[in-house]
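Side chains are part of it too, since the values below use all heavy atoms of this structure and drop only hydrogens, waters and symmetry mates. Please read all numbers here as calculations on a predicted model, not as lab measurements.
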Amino acid sequence: MAGMNDVSIPVCEDKSEEQHVQVSVEKEVDYSQRGQWLRAAVLGATDGLVSVASLMMGVGAVKEDVKAMILTGFAGLVAGACSMAIGEFVSVYSQRDVEVAQMKRVKGILGNDEESEKEALPNPFQAAVASALAFMLGAMMPLLSAAFIVDHKVRLGVVVAMVSLGLVVFGWIGAILGRTRVAKSCFRILVGGWMAMAITFGLTRWIGSTGL
């Protein structure tokens, strides 16, 4: 009888565990967003490094004047940074519009707080500035490496060496952020950068030799 009279009374669980899970999810989302920003910054810096270095190598294929290489690289830096900023602004703003429209639809159905959710939306202005700065950072490496070297052949070799070093560093950072094999990532990005510089150098030298 005593066993039959035992009644199990449900006890409200402590909400601390639920709050802990919620905080953990928020931290995970925050770290995920940071990872996306870092990956975008690495891609922007790599783009600036390879594109400006390729421009300088192309000019160096037909002209030995250091001023021509520096001016070409600087023009590529400014144009590339503006292009990256505008492209990132338009892309992120379009993504923001889609997410705002989705939140409005969800609010109409569930009645969620739209204002609090807007704080988590990507900022197109911040994305544009970050993309431009990352591009400029990468583009400065070949510019600085060539600025103080008079000998033409040595200048080209130093640019290739500095670009290779920068590509390895960016490949390593990208592998760490993406949790992939470092050697494979570095090799892939290094070969890609070499190909871009070699193709630009070769085609420009060929066109220059034809007298066009």
Side-chain angles (χ1 to χ4, degrees), residues 37-91 127-178 180-212:
W37 277 93
L38 288 173
R39 283 192 293 271
V42 171
L43 289 176
T46 304
D47 190 8
L49 177 65
V50 174
S51 59
V52 171
S54 298
L55 280 173
M56 295 175 65
M57 292 296 293
V59 173
V62 294
K63 286 185 175 293
E64 297 186 0
D65 185 15
V66 63
K67 185 177 180 180
M69 287 186 66
I70 297 301
L71 288 177
T72 302
F74 181 76
L77 183 152
V78 176
C82 293
S83 176
M84 291 287 290
I86 294 172
E88 192 71 13
F89 179 84
V90 173
S91 176
V129 172
S131 182
L133 290 177
F135 185 94
M136 294 172 64
L137 176 64
M140 288 299 295
M141 295 184 65
L143 279 173
L144 293 177
S145 64
F148 306 103
I149 300 178
V150 179
D151 187 84
H152 176 63
K153 293 183 179 179
V154 175
R155 189 188 317 126
L156 293 178
V158 170
V159 169
V160 173
M162 287 299 297
V163 170
S164 300
L165 177 61
L167 289 174
V168 170
V169 172
F170 293 148
W172 176 77
I173 296 175
I176 296 299
L177 295 176
T180 59
R181 295 177 58 184
V182 175
K184 185 177 180 180
S185 177
C186 293
F187 177 78
R188 183 169 55 240
I189 193 173
L190 188 60
V191 172
W194 285 346
M195 289 180 62
M197 290 187 291
I199 291 172
T200 307
F201 182 90
L203 288 178
T204 307
R205 192 175 186 85
W206 175 69
I207 292 175
S209 64
T210 60
L212 295 178

Review point. Between Leu144 and Met162, is a side chain to side chain contact (heavy atoms under 4.5 Å, CB included) present by the stated rule, with each step listed?
Key: CA-CA 10 Å; Leu144 293 177; Met162 287 299 297; over 6 Å; no
Practice item. Before giving the answer on side chain to side chain contact (heavy atoms under 4.5 Å, CB included), spell out for Ser83 and Phe135 the whole-Å C-alpha distance, their side-chain angles and the decisive distance to 0.1 Å. Key: CA-CA 10 Å; Ser83 176; Phe135 185 94; over 6 Å; no
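Rounded to the nearest 0.5 angstrom, Asp151 CG and Leu156 CG are separated by 9.0 Å. Atom CG in Leu165 sits 9.5 Å away from atom CZ in Phe170 (nearest 0.5 Å). Atom SG of Cys82 and atom CE of Met136 lie 9.0 Å apart (nearest 0.5 Å).
With a 6.0 Å radius and a threshold of 12 heavy atoms from other residues, nucleotides or ligands, Phe74 has its CZ atom at or below the threshold.
Contact record, Gly193 with Leu167: CA-CD1, 3.7 Å, taken as the closest heavy-atom pair. Looking at every heavy atom in both residues, Met69 comes nearest to Met56 through CE-O, 3.4 Å. Nearest heavy atom pair, residue Ala85 against residue Ala132, reads CB-CB, 3.9 Å. Gly48 and Ser51 get closest at one heavy-atom pair: O-OG, 3.5 Å. The shortest non-hydrogen separation linking Glu88 to Ala127 is CG-O, 3.4 Å. For the residue pair Gly166 and Leu49, the shortest heavy atom distance occurs at C-CD2, 3.7 Å.
In this structure, Met141 and Val163 have side chains that are not in contact, with every pair of non-hydrogen atoms separated by 4.5 Å or more. At least one side-chain heavy atom of Leu190 sits less than 4.5 Å from a side-chain heavy atom of Val168.
Exactly one of Thr72, Val160, Val52, Ile199 qualifies for a side-chain contact (heavy atoms from CB on, under 4.5 Å) with Met57. That residue is Val160. Among Val169, Ile189, Asp47, Ile173, the one residue that satisfies the side-chain contact (heavy atoms from CB on, under 4.5 Å) test with Val42 is Ile173.
No side-chain donor-acceptor contact under 3.5 Å links Ser185 to the backbone of Val182. In terms of modelled atom types and a separation under 3.5 Å, the side chain of Thr210 and the main chain of Ile207 share a donor-acceptor contact. A distance-only check finds no donor-acceptor pair linking the side chain of Arg188 to the backbone of Gly171 [under 3.5 Å]. The closest donor-acceptor contact from the side chain of Ser91 to the backbone of Gly87 lies at 3.5 Å or more, if one exists at all.
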